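All values reported here derive from a predicted model rather than from experimental measurement.
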Amino acid sequence: MPEPTSGPHEMQPVPLVSATQGLFGRLDRVPRRLRNIPIESLGVLGRIVPGGVLRRPIVLTEAVLRQLLGVDENSEHAESTLYPGDAGRIDEDFTAPPDPRTSVRSMVHEMLDRSVRQSPRQAEEANFKRLLTQLVPDEVRIINALSDGRISPIIHVGVGSPGSVDHTVYRNASTIGTDAGVRLPDAVSQYIEHLESLNLVEIGPAEDALREQYEILETYDEIESADEFAAAEAKGTFAKKLKFKSEKHVRHTLRISELGAKLWAAANPDTYDFQVPDRRGNPNNDGN
């Protein structure tokens, strides 16, 4: 019986492999001028489909297009090609809040369009603007005071039995208001709570190195008033007296957060100089 002989058909690639090789062969021969065409089609998808549905596919698509088109991620041309909004360098068009005078539909369409066209730098700028519009000047003073990396003492005043705190009667008493020279010292506790809710500051455990500052803080009027309130509550009933309840000081620390530090670095306010009052009391209405 004759042995089977090999023929040319045995050397031919299967159709799938052949098609794949042909596709990459054609991509490899794409004229270089076509590699500079902006990727605009993603903007159309962003306007007609909810951003959350396409967010991951769009990110993957950008990564694939970078490789297939040979785009250098570090080049300025790559930024303007993948993020058309960055080409004109007009940040206000892509970082300002949408016009509230327009309809809800128009505002959503505008933001979806921005989400596809804006660059990561512009997206970060828009986020910083959103945070700043929620702050009052005194809160910005506090961020400025913490921007040098300092750690400020905080004390919560509560009521409790020995070794425990049942509930807190005053929160966020701190010397940071004095350091920052805030104009409304009575609101420092609220300022700290608001800044923490925005993740611009962090409250951490007590530090022994701040022992003297804690002692100074305990002489503040708000601490003394809170102590009086806590003591009156602890001794209000005979049952509370039996449990030996009393006022408690819980020590913590305050520092700027990573997000707060990034915001301050982006603002770069080093060229601005303003006076921090030496006194703790309410300032006179003299414009200073």
Closest heavy-atom contact between Pro98 and Met107? CG-CE, 3.9 Å
List the atom of Leu135, the atom of Glu139, and the distance in Å for their closest heavy-atom pair. CA-OE1, 3.2 Å
Could you go through Ile192 and Leu254, starting from their C-alpha distance and side-chain angles, then the distance that decides it, and tell me whether this counts as side chain to side chain contact (heavy atoms under 4.5 Å, CB included)? CA-CA 9 Å; Ile192 293 174; Leu254 176 72; 4.0 Å; yes
Is the shortest side-chain heavy-atom distance between Asp227 and Val157 below 4.5 Å? yes
In the structure I gave you, are the side-chain heavy atoms of Arg251 and Leu217 within less than 4.5 Å of one another anywhere? no
Of the non-hydrogen atoms in Asp138 and Val182, which two are nearest, and what is the gap between them? OD1-CA, 3.4 Å
Any side-chain to backbone donor/acceptor pair from Ser119 onto Gln122? Under 3.5 Å, distance only. yes
Decide yes or no on side chain to side chain contact (heavy atoms under 4.5 Å, CB included) for His249 and Glu218, but give the supporting numbers first. CA-CA 9 Å; His249 289 179; Glu218 287 173 337; 3.1 Å; yes
Side-chain donor-acceptor pair under 3.5 Å between Arg141 and Asn144, yes or no? no
Roughly how far, to the nearest 0.5 Å, is CD of Glu222 from CG of Asp186? 7.5 Å
Smallest heavy-atom separation, Ala226 atom then Val169 atom, equals O-CG2, 4.0 Å
What pair of heavy atoms forms the shortest contact from Val188 to Gly177, and how long is it? CG2-CA, 3.8 Å
Please report the interatomic distance OG1(Thr95) to CZ(Arg121), rounded to the nearest 0.5 Å. 8.5 Å
Are the side chains of Phe128 and Leu259 in contact, using a 4.5 Å heavy-atom criterion? yes
Please enumerate all residues that pass side-chain hydrogen bond (donor to acceptor under 3.5 Å, both in side chains) together with Ser103, with sequence neighbours excluded. Ser106
Please report the interatomic distance CD1(Ile151) to CD1(Ile256), rounded to the nearest 0.5 Å. 12.5 Å
Is there a side-chain contact between Glu125 and Lys129, using heavy atoms and a 4.5 Å cut-off? yes
Decide if atom CD of Glu215 counts as having more than 12 heavy atoms of other residues, nucleotides or ligands within a radius under 6.0 Å. yes
Look at atom CD of Gln134 and say whether more than 12 heavy atoms of other residues, nucleotides or ligands are closer to it than 6.0 Å. yes
Are any non-hydrogen side-chain atoms of His252 and Val250 less than 4.5 angstrom apart? yes
Quiz: residues 196-207 side-chain donor-acceptor pairs under 3.5 angstrom, not counting sequence neighbours:
{"from": "Ser197", "atom 1": "OG", "to": "His194", "atom 2": "O", "distance (Å)": "2.6"}
{"from": "Glu207", "atom 1": "OE2", "to": "Arg255", "atom 2": "NH2", "distance (Å)": "3.1"}

Gap separating the OG atom of Ser189 from the CD1 atom of Ile154, nearest 0.5 angstrom: 8.5 Å
Run the side chain to side chain contact (heavy atoms under 4.5 Å, CB included) test on Tyr191 and Ile143 for me, step by step, so that the C-alpha distance in whole Å, both residues' side-chain angles and the decisive distance to 0.1 Å come before the verdict. CA-CA 10 Å; Tyr191 293 156; Ile143 296 177; over 6 Å; no
Roughly how far, to the nearest 0.5 Å, is CD1 of Ile223 from CD1 of Ile216? 13.0 Å
Can you confirm whether His156 sits close enough to Tyr170 that some side-chain heavy atom of one is under 4.5 Å from a side-chain heavy atom of the other? no
When you look at CG of Asp99, are more than 12 heavy atoms from neighbouring residues, nucleotides or ligands closer to it than 6.0 Å? yes
Decide side chain to side chain contact (heavy atoms under 4.5 Å, CB included) for Tyr214 and Thr253; before the verdict, give the C-alpha distance in whole Å, the side-chain angles of both, and the deciding distance to 0.1 Å. CA-CA 10 Å; Tyr214 285 120; Thr253 52; 3.5 Å; yes
Tyr220 versus Thr178: any side-chain heavy-atom pair under 4.5 Å? yes
Inter-residue atom distance Gln213.CD - Arg211.CZ, 0.5 Å rounding: 11.5 Å
If every non-hydrogen atom of Ala145 is compared with every non-hydrogen atom of Ile176, which pair is closest and at what distance? CB-CD1, 3.9 Å
